[in-house]
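Below, chains carry the letters A, B, ... as their sequence lines are ordered, and counting in each starts from 1. Quick caveat: nothing in here was measured; it's all calculated off a predicted structure.
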Amino acid sequence: MVYDAEEVETRWQKAWADAGAFEAEIDHSKPKFYCLEMFPYPSGNMHMGHVRNYSIGDAMARFHRLMGKNVLYPMGYDSFGMPAENAAKKEGGHPHTVTHRNIASIRSDQERMGYSYDWRRFLATSDVDYYHWNQEIFLMLNNRGLVERRLAPVNWCVDCDTVLANEQVKNNRCWRCGLEVVQRDMAQWFLRMTEYSDELLDEIENISFPENVKAMQRNWIGRSFGAHIDFPVADSDAVIGAFTTRPDTIFGVTFVTLSPEHPLCEELCTGTEWEADWRELRDECARMSEFERINMLKEKKGVFLGRHAINPLNGEKVPIYAGNFVVASYGTGAVMAVPGHDQRDYDFAERYGIEIRRVLVEKEGDDPNAELNYAFEGYGPMVNSGADDFDGLAGQDAKDAVIAALESAGSGHGTVEYRLKDWLLSRQRFWGTPIPMIHCKTCGIVPVPSSELPVELPLDVTFSEDQSGNPLASHDSFVNTSCPSCGGLAKRETDTMDTFYDSSWYFMRFCDASNDSTPFDREAVDYWMDGGVDLYIGGIEHAVMHLLYARFFTKVTRDAGMNTVGEPFGTLVCQGMLNAPAPFCSDCNAEFHVDLFGCDCPTCGEKLGTRSVKMGKSLGNTVSPGEMVGRYGADTVRLFILFGANPEAGMDWSDSALEANHRQLHSIIDAMESAMTLGETPSPLDDWLLARLRVNRAAWKDSMSIVSIREGVMISHYEMLSDWAWYIRRGGNNRDTARQFLLGWIPMLAPTTPHIAEEFWHSVGGKGMLATYCLEESDDSSEEDAGVLAREAYLKELISSGRALRELAERYVEEEITSVIIQTSPAWKEQLAREAIQLDSETFDFKTGGMDHLKSMDVFSVEQMRGEVMQTWMELTMGSKKKRGRIHTWSQGEKQLIMSAIDEASTINMNSEFIAQALGVTSVEAYPAGEGEDVAGKAKFAFPLEPGIAFL
RNA sequence: GCAGGGGUACCCGAGUCGGUCAAAGGGGCCGGACUUAAGCUCCGGUGCAAAGUGCUUCGCAGGUUCGAAUCCUGCCCCCUGCACCA
């Protein structure tokens, strides 16, 4: 067949769309399956990373449709954000125009791939009919006390001209543009996500996210249990509150350290001889870039502030320092320092000559006064507390006792600290959801009433390169409004929402995407999201940000009575990197742009090699999906992507592998065509082929169910084809069998290569449309199949060992090899085998009773055979040093063959022509060893299912 | 430093409740068949040795076992995330 991929693919894409094949509705009679990919930011054309993401999702959506599930598989666009705004500036247009142009482009790329989305549920977050509901939800959050406006030091990105949330700062750099962020004090909107810290953390245990994602989230939330301890400052009213996870070391406190930025520092040392040193340290820390700071901090540095703090449990006075290693934003920005049991404090104390006191021993009975030459950070019994109540207590008991003492003394309490901060939501940008708040001089800040939503972004704004700041702020008709409360003149909030807000609930909107009266209907979300999205696929880069925000939103909407879900995502799969070759210098350990292929290293001058690295614009090692689809078709590209590696694994782009996959499709096409021309001759091969279908299909379902798509494709696109080829080679020639086989096989091709599968389906006269077809057969393994398969496997094995032997035989046989004599197992060995299998199935203990049993058997009575009989028996039951007994290694089917007394010799003779051909000889003859001449002394090798083979 | 994941043949990559594992599958390479000719398709080979049973190999070094890619201990290396978090 001439395979015109584009013609076939676009034809079926149209047919599927016309038939509404992928439109999903709530149907309680079927199990649901919600398959979702992280929706894209529409930046223009679809890239290979997208192709991988969606090909995985589409394969799973189609697979689950085949399995009879009611599948929801939607697509939309995360279309608010900076790039559109920047593009608009560049071309002097409006982000809305840019966005819609990009959406049209990526959508048409997706359609060309044939992804089975329910396009009726399309959404774009920058459309009013979406962000209207962002605002509605914002009011809900506000009502629930989860919205807060406060002055706070925030991360500011000069380049993006906006603040960033903590999650969006990586190594002190902006996650989007990479510029270093600076700190600013600003009034900002926050969502109080920390209200949900515990639930967000605790429920990680119960969701099936990959371990690394779970670890990152745990890490990010960073809960630590400990105590808050107040250290009064001597001769002052001031109190230093410190957080510690180790209250059991409180008697080892020999100084207290404040972060240089701590407000108490100034208060304590102003006007004293120590002020100058502190100012210097503070300024130095403030001045340092991230890079310097990391290097600097290897050296713990501090200054004495001239005052002392009082340990509330023993009244001891200890010096107060400011230290460069204390983080202002964690805990209280003050640390009780225990050099004996904290390495950082130890280093610091050593440097400044501060006492290092042991208050824990490693194990009971150790010398409480043994000198410490390193900080012992483990748990052990308390010593030297100066109070008998504590000495001897260890671990949690010790902590509890200290906390209780603090609480009764009124100078501290047990507490929990989190690394997680509230979500800084506001952005000083145009292209985002306007925060529905109004600033009124008389009433203060007033929310826009729900009835007046949506607050729309004005379209009459011109963007230009030289403009800075947020155009909303200078848009009079947007800004000027009246107060909903007093009716007086008021101004709108001009900050917009972080775009991560948009993606925090879109998966719920998809359940009810056209609802124009509420964000979504509760019934719809409860149906589709029961147990969470069944399969969520996307990149690891959202492990913390998006996935955490989405979990937070799902919990809040649940608490607001909008659904009963709680956790948004059931199974999460993070697809691996897509790599492609790029020039690489091994000496400099650096990668270069593809333009430098074959050149010398621009740094050191060595010849550049190549290395597979992440596809990306910066190196130019990208591959255009459009071009590949144009050349080979969408099915080939999908096959390559899905067969190249399992979803989570990284994969390398390879042109030759892509071509190989294209050839594979051609082979499958040829197989389909050859099937149409078969005759009507039944043979035992027919049973074999259909048994293979059942076995393969069962294995395929298992693999696909756990998203091991690569294993699934190996079966559907490779194993099945080899089985078909084997059937033909063996002389299979039955049209009915072929049809049955194809009707079973073609649906297995559909998840990966849906278009060509649909084409096949119609050419063999499959029922209805394959896209909506449902596999009903169950593939329970039957004993009959096992036997049929084992018989054929026996021949395959015979040929395979025959081939190996032929090569050896050639060295010994003078003339050209022309024939093969096969001596099969003598009857008595078969008898022993049957006996052993029988005994084994009765859980007979061969170790203790094996020999006695053998001696009771008839074969054993022939004296001159005893040696061989014994040896055979051992081979069957016990095996040798490195090989287990055959009864343990034979498959179920092989045992069946032996028990049913397969006549190996006649099985071989019936297939002698085929075997002869496979072994490259003109004749093959078989007989049981002992019933003919012992050719070449091969009788001794004859064993059940392993005949002795002689080449002549 | 902490946490998570890895190290398998020329390459990619399965395999880890111990034996059926010299180790699936694909790519590449080699050989054969078909063909006027193939870069097409099909078949076979691809650690060493060998008329079959043997040897060496799954990051390194030990250990458990009749038997280890698989289990245990220690070490080395790579990737990813967090990072003076008290």
Side-chain angles (χ1 to χ4, degrees), chain A residues 170-171 210-220 222-224 226-227 242-246 249 257 259 293-294 296-300 323-327 329-338 342-345 347-348 417-419 540-541 543-544 577 579 612 640 643-646 648-652 654 656-661 663-664 666-667 670 708 710-711 713-715 717-719 722 725 728-729 800-813 878-886 888-891 894 917-918 920 936-938 940-941 946 948-951:
Chain A
K170 306 259 162 192
N171 289 328
E211 276 311 313
N212 55 341
V213 174
K214 286 188 182 187
M216 281 188 248
Q217 293 218 346
R218 276 190 211 109
N219 227 314
W220 188 262
R223 178 170 63 193
S224 26
F243 173 74
T244 180
T245 54
R246 295 299 301 274
T249 63
T257 323
S259 75
R293 200 164 169 136
I294 287 170
M296 258 293 301
L297 286 175
K298 291 195 174 119
E299 188 193 350
K300 315 251 176 298
N324 65 349
F325 60 95
V326 180
V327 181
S329 60
Y330 184 75
T332 59
V335 179
M336 67 173 212
V338 184
D342 181 288
Q343 191 60 44
R344 288 160 312 181
D345 296 341
D347 296 344
F348 191 92
E417 270 298 322
Y418 301 90
R419 194 176 163 279
I540 187 76
E541 65 272 19
V544 176
M577 297 278 175
N579 304 311
S612 202
F640 164 73
F643 185 56
N646 259 327
E648 298 88 345
M651 76 178 286
D652 293 343
S654 153
S656 62
L658 182 70
E659 277 170 44
N661 284 116
R663 286 202 299 272
Q664 190 72 16
H666 271 286
S667 304
D670 290 346
S708 283
R710 187 176 189 281
E711 274 71 57
V713 172
M714 203 188 301
I715 296 168
H717 288 68
Y718 287 81
E719 290 282 312
S722 345
I728 299 295
R729 269 175 67 204
S800 158
S801 50
R803 273 186 182 130
L805 288 170
R806 188 195 156 116
E807 201 190 319
L808 302 182
E810 275 166 357
R811 302 177 201 175
Y812 284 78
V813 179
M878 303 303 292
S880 60
K881 190 165 172 132
K882 293 201 85 174
K883 241 182 172 169
R884 286 213 294 172
R886 297 291 202 289
H888 302 296
T889 61
W890 275 324
S891 71
E894 284 171 320
Q917 192 201 335
K938 297 299 170 194
K940 65 171 187 281
F941 291 106
E946 296 162 53
I949 303 168
F951 284 85

Glu541(A) meets the side-chain contact (heavy atoms from CB on, under 4.5 Å) criterion, sequence neighbours left out, with none
Regarding the side chain of Thr245(A), the nearest nucleotide among U20(B), C43(B), A86(B) is A86(B)
From the candidates A83(B), C43(B), G81(B), the one with an atom nearest any side-chain atom of Arg729(A) is C43(B)
Which of G4(B), A83(B), G52(B) is nearest the side chain of Ala215(A)? It is G4(B)
Against the side chain of Glu711(A), the closest entry in G19(B), G4(B), A14(B) is A14(B)
Using the P atom as the reference point in each nucleotide, state the distance between A86(B) and G15(B) in Å, no decimals. 37 Å
Hits for side-chain contact (heavy atoms from CB on, under 4.5 Å) against Met878(A), two or more places apart or cross-chain, chain-then-number order -> Phe846(A), Lys847(A), Met874(A)
Out of C85(B), A86(B), A14(B), minimum distance to the side chain of Val326(A) belongs to A86(B)
Heavy-atom contacts, protein to nucleotides 25-32 of chain B, under 4.0 Å, summarised as B (base), S (sugar-phosphate only) or - (none) per nt, yield BSS-----
**Message:** Test your reading of the model: is there a side-chain donor-acceptor pair from Arg246(A) to the backbone of Val338(A), 3.5 Å cut-off?
**Reply:** no
Per atom distances to the Arg419(A) side chain, the nearest of A14(B), C82(B), G52(B) is C82(B)
Close side-chain approach of Val335(A) to Phe325(A), heavy-atom, < 4.5 Å: no
- prompt: How are the rings of Tyr718(A) and Phe643(A) set to each other: parallel, tilted or perpendicular (split at 30° and 60°)?
  reply: parallel
